[in-house]
2 protein chains.
Amino acid sequence: MTDLPRPRRTQAERSDLMRKRLLEATLQSLAEDGYAGSTLSSIVRRAGVSRGAQVHHYPNKQALMLDAAEDLLRRTYRQLGEMLLSIKDEDDRLARLVDAAWDQVFSTPLFNAYSELLIASLRDPDLAEALKARLKRVQGVYAPAVEHYFEPINASKADLHAMFVQLSFFLVGLATQAHLMNDRAWVQSHLGLWVRQAALIMRARKGVRQPPPRPEAWPRKDDTVDR
Amino acid sequence: MTDLPRPRRTQAERSDLMRKRLLEATLQSLAEDGYAGSTLSSIVRRAGVSRGAQVHHYPNKQALMLDAAEDLLRRTYRQLGEMLLSIKDEDDRLARLVDAAWDQVFSTPLFNAYSELLIASLRDPDLAEALKARLKRVQGVYAPAVEHYFEPINASKADLHAMFVQLSFFLVGLATQAHLMNDRAWVQSHLGLWVRQAALIMRARKGVRQPPPRPEAWPRKDDTVDR
DNA sequence: GATTTTACATACAGTCCGGACGGTATCCGT
DNA sequence: ACGGATACCGTCCGGACTGTATGTAAAATC
């Protein structure tokens, strides 16, 4: 018995894996059961770990939620970056971008988790602060990409960017109310309207063959939480 | 003692008053403490009534929340109607309308209650159904008013209406995230962008002196809740 | 290899929530 | 005026949740 069937794992490996499982379960739980419905017991059950593991890594519920929010925005950051890289140089670049944003980000169950955290942050200043800080970073993803792909016509650069900010808010509103609305076609038609309106003040840059500047990696956090 | 200091109230009066107090407290509580934080005890405490009164009028929490949602949309319906009636025939009618919608509806604490109900309805089909039905009625308020005040230019009537639907979603997204953003000026500039974009496909009708058709009164509900 | 630190597990304590229930006051039809 | 219906009150109970305290195995340190 030189090698045990269970390989020896280092402490850091164990911790990272455990946190990953907890965060994954937390985000799933947020999406399915909502913020209030995401009880520590249910999260732990979903993750298939014990209650003690969670309490070891996160002293209280808020700490877990803060880290989950961080993780969620990190994922979104990455996903948005990949989506932008996947946009090809086509005539209907604007429409493709909007569709991709809706399909790959805002209409996903993961975004429900964001909605929950967003509403919860109305009454949790720490959570609000975390979301605010990380949101800025996410916005930093597509701000350069916007100028890379599009140029204003009869409008200022500021309007160009503002138009996309408006899009994101529109998509948030859409995502939180989509379940009250009819169907996908209805959503598509409204996305189409935005595209037509946006086309009035911007156009795709000609001859863009390179993808936008690769967004920088998200810096690892060193301090876990506030103490 | 011919006249008691407390005048005799009819049963219906007592009930109506009690429900009013409960609904008022519920909406306040939703706005301040959120859906999960709006416990029956806290609502009752806020309303200054006993626990038994509530349970008499609403058999469970969901029934209370359903009625509160109904009441909230009814109020919004009324408020939107009044707002539309207050719009004067001015050059910047569009801008005034948007500002009024933001100031008088979407940025108010009452709208926070709507956000809470909205998110809660993701996991409460009954609540979702109630919101959906009543939302249609609210939308019915400004649909005629839109055509009363504006006419499309280089666009279809459908686009005209869609543009305002888009506005409402944009405002919802704005309202749920405004606390993460900077300041009022920032919001104003984005509202301004929408106005400028809208002005590209619509204009105020000339010589409109009459207010839009007065929205019909909200029909009283007869069946209280599902049994 | 002994000891200290870290990772994880289980049991417990205190709190609070939602719903049920028994009782009282007020009103209404007759 | 009187009996039933309606409105209202205060309390109790089962359950669930969060945080804590204690115990055990594994890994790191020396």
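All chains are named by letter (A, B, ...) in the order of the sequence lines, taking the proteins before the strands, and each is independently numbered beginning at 1. FYI, side chains are in, hydrogens and waters are out, and symmetry mates aren't considered; it's all heavy atoms of this structure.
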- Query: Can we say B/R184 and B/D103 salt-bridge, meaning some charged N sits less than 4.0 Å from an Asp/Glu carboxylate O?
  - Reply: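 The answer is yes: the pair qualifies as a salt bridge.
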- Are the charged groups of A/R75 and A/D71 less than 4.0 angstrom apart, N to O?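 Looking at A/R75 and A/D71, the cut-off is met.
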- Task: Using a cut-off of strictly less than 4.0 Å between a heavy atom of the residue and any atom of DNA chain D, enumerate the qualifying residues of residues 47-54 of chain B by number.
- Result: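 Those residues whose heavy atoms fall under 4.0 Å from DNA chain D, taken from residues 47-54 of chain B in numerical order, are B/S50, B/R51, B/G52, B/A53.
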- Task: Assess the pair A/W194 and B/F169: is the distance between their ring centroids shorter than 6.0 Å?
- Result: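 Not under 6.0 Å, so no.
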- Kindly point out which of D/dC8, D/dG19, C/dC21 is positioned nearest to the side chain of B/M18?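 Taking heavy atoms from C-beta onward, the closest nucleotide is D/dC8.
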- Return the nearest nucleotide to the side chain of B/K61; candidates are D/dG19, D/dT20, C/dG19.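 For the B/K61 side chain, the nearest candidate turns out to be C/dG19.
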- More than 12 non-hydrogen atoms from neighbouring residues, nucleotides or ligands closer than 6.0 Å to CZ on B/R46, yes or no?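 Counting other residues, nucleotides and ligands, CZ of B/R46 exceeds 12 neighbours.
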Whole angstrom value for the distance that separates [atom2] of [N] from [atom1] of [X]:
{"X": "B/D16", "N": "D/dT6", "atom1": "CG", "atom2": "C1'", "result": "14 Å"}
{"X": "A/M65", "N": "D/dC17", "atom1": "CE", "atom2": "P", "result": "13 Å"}
{"X": "B/N60", "N": "C/dC17", "atom1": "CG", "atom2": "P", "result": "17 Å"}
{"X": "A/I43", "N": "D/dC17", "atom1": "CD1", "atom2": "C1'", "result": "12 Å"}
{"X": "B/L22", "N": "D/dA7", "atom1": "CG", "atom2": "C1'", "result": "12 Å"}
{"X": "B/Y58", "N": "C/dA20", "atom1": "OH", "atom2": "P", "result": "17 Å"}
{"X": "B/R19", "N": "D/dT6", "atom1": "CZ", "atom2": "C1'", "result": "12 Å"}

- Query: Between B/T76 (side chain) and B/L72 (backbone), is there a donor-acceptor pair under 3.5 Å?
  - Reply: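 Indeed, once roles are kept as given, a pair shorter than 3.5 Å links the two residues.
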Any side-chain N or O of [X] less than 4.0 Å from the OP1 or OP2 oxygen of [N]?
{"X": "B/T39", "N": "C/dG18", "result": "yes"}
{"X": "B/H56", "N": "D/dA7", "result": "yes"}
{"X": "B/H57", "N": "D/dT6", "result": "no"}

- Message: Looking at every heavy atom in both B/T176 and A/I119, which two are closest together, and how far apart are they?
- Response: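 Here B/T176 and A/I119 meet closest at CG2-CD1, 4.3 Å.
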- Item | Member of B/H57, B/H56, B/R51 meeting the side chain to side chain donor-acceptor pair (under 3.5 Å) criterion with B/Q54 |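 That would be B/R51.
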